Structure formats: structure tokens, C-alpha cells
Amino acid sequence: MARTVPPALPQRKLNLAEKQLIQALLQRPEMAAALQPFWGTEFVAAIWSGPFLEGFAKDPAQNVEAVLENIQDDELKKEIRAAVLEPFGSISEQQALASIQRLYDAYLVKKMEDVRDQLRQYGSGAAPDELVRKHMDIVAEKNRASTFKA
């Protein structure tokens with residue numbers, strides 16, 4: 001009888017935009033104030049590194065390890081430590097804002113896909129007005145967000 005080993009789960013990695021935001025907050029603690037409107041939102045909750053970004057931004061003078069103590073995901077902790085130790089050049093405020101814009105755009109695309117999947121369940125029949133309105137609101141927000149230049 002042969003023993004089969006289940007395939008290893010793919011290792012999760014921080015994307016470039018998340019790394020840039022972490023590094024930008026390390027370099028420029030004053031960036032935390034510019035990003036303040038995002039904290040506590042569904043958007044930040046959808047970002048893998050969101051708990052760290054939000055926790056660190058609340059008090060950028062604190063030690064990175066102090067923020068990591070409140071995070072349960074060991075894989076995320078490992079990735080954040082790697083991003084902190086990774087050599088990086090100066091990150092401008094524009095680059096940091098472009099990173100948050102990329103993350104927000106990806107969030108809206110995912111949200112739109114979720115609503116489209118729900119709409120597909122209705123086929124050619126009438127979908128609930130609330131669901132159609134939600135889709136239109138996301139499309140409008142995506143269009144509005146894409147007009148901003150970081």
C-alpha cells in the first residue's frame with residue numbers, strides 16, 4: 001500500500017504594493033496620517049497585511065515586533081519580517097499612494113467579481129434590485145477611483 005502525501009499548500013507572499021506600503025511606513029511615519037481614512041474599512045480587512053498596516057500606522061514609532069504580537073497568522077508575520085529586512089530604496093509618497101490605489105483597485109475588482117457571480121445565479125431572470133444596485137455602485141466607485149492619480 002503506497003502512502004500518498006497531500007500536495008503542499010502554495011506559500012502565500014506579500015504582493016509588491018503591500019511591501020511598498022510597509023516599507024513606506026517604516027521610512028516615512030508621517031504617511032500614516034495620509035492613509036488614515038482607509039483604516040477600519042472593509043477594504044483594509046481584505047488586504048492580507050491589513051492588520052499589520054493598520055496597527056503600525058496607528059503608532060508608527062512603535063517597534064514592528066510589537067505590532068506583530070497581535071497578529072495570529074505566522075505566515076504573514078514571516079512575510080512582514082522579510083519585507084522589513086529586504087533592502088529597499090527610498091519610497092516616495094506618490095509611490096505609496098500608487099500602492100494603496102493598486103490594492104484598492106484589486107479589492108474593487110474582486111468585489112465586482114463576487115457580485116457578478118451572484119448575478120449569474122439568476123441567469124436570464126430578474127435579479128434583486130439591491131444586487132443590481134450594488135454592482136452599479138461598485139462599477140461607479142471603480143471608475144471614480146481610477147480617475148485619481150497618485
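Positions are given from 1 along the sequence. Keep in mind that this is a model prediction, so the values were computed, not measured.
- Atom CD in Gln23 sits 4.5 Å away from atom CD1 in Ile91 (nearest 0.5 Å).
- Ile100 CD1 to Met31 CE: the interatomic distance, rounded to the nearest 0.5 Å, is 8.0 Å.
- Considering Gln101, Arg102, Gln95 in turn, Arg102 is the only one that fulfils the side chain to side chain donor-acceptor pair (under 3.5 Å) rule with Ser99.
- Within 6.0 Å of atom NZ in Lys77, more than 12 heavy atoms from other residues, nucleotides or ligands are found, so the atom counts as buried in its surroundings.
- Inter-residue side-chain proximity for Gln27 and Phe88 is flagged as met; some heavy-atom pair is nearer than 4.5 Å.
- Under the 4.5 Å side-chain criterion, counting only non-hydrogen atoms from C-beta, Val139 is not in contact with Leu108.
- The backbone N or O of Gly55 sits less than 3.5 Å from a side-chain atom of Gln62, completing a donor-acceptor pair.
- Between Arg28 and Glu93 there is no salt bridge, since no side-chain nitrogen of the basic residue lies less than 4.0 Å from a carboxylate oxygen of the acidic one.
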- [ ] In sequence, state the C-alpha distance, the side-chain angles, and the governing distance for Val67 and Ile80, and then conclude on side chain to side chain contact (heavy atoms under 4.5 Å, CB included).
- [x] CA-CA 11 Å; Val67 179; Ile80 290 170; over 6 Å; no
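- With respect to the salt-bridge test (charged N to carboxylate O, under 4.0 angstrom), the residues Glu79 and Arg12 do not qualify.
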- [ ] Check the pair Phe52 / Glu18 against side chain to side chain contact (heavy atoms under 4.5 Å, CB included), numbers first and verdict last.
- [x] CA-CA 10 Å; Phe52 174 80; Glu18 289 176 291; over 6 Å; no
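- Glu75 is listed as a side-chain neighbour of Trp48, based on a closest heavy-atom distance under 4.5 Å.
- The environment of Glu30 atom CD is dense: over 12 non-hydrogen atoms of other residues, nucleotides or ligands sit within 6.0 angstrom.
- With rounding to the nearest 0.5 Å, the separation of CD in Gln118 from NZ in Lys134 is 6.0 Å.
- When every heavy atom of Leu103 is checked against every heavy atom of Ala17, the shortest pair comes out as CG-CB, 3.7 Å.
- When side chains are defined from C-beta on, Ile22 counts as touching Val84, because their heavy atoms get closer than 4.5 Å.
- Here Asp117 contributes atom CG and Gln121 contributes atom CD; the two are 7.5 Å apart, rounded to the nearest 0.5 Å.
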Task: Leu21 and Leu35: CA distance, side-chain angles, deciding distance, side chain to side chain contact (heavy atoms under 4.5 Å, CB included) verdict - done: CA-CA 10 Å; Leu21 280 175; Leu35 300 174; 4.0 Å; yes
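- Shown here for Ala32 and Leu25, the closest heavy-atom pair between the two residues is N-CD2, 3.7 Å.
- A heavy-atom distance below 4.5 Å is found between the side chains of Arg81 and Glu65.
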- [ ] Mind running side chain to side chain contact (heavy atoms under 4.5 Å, CB included) on Lys111 and Arg116 for me, showing each step along the way?
- [x] CA-CA 9 Å; Lys111 208 170 163 183; Arg116 282 184 184 154; over 6 Å; no
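- Side-chain contact between Lys142 and Tyr104 is absent, with no heavy-atom pair separated by less than 4.5 Å.
- Ion pairing between Glu113 and Lys110 fails under the 4.0 Å rule for side-chain N and carboxylate O.
- Screening Asn143, Val109, Asp114, Val115 for a side-chain contact (heavy atoms from CB on, under 4.5 Å) involving Ile138 leaves a single residue, Val115.
- Side-chain contact check for Leu14 versus Leu76: some heavy-atom pair is nearer than 4.5 Å.
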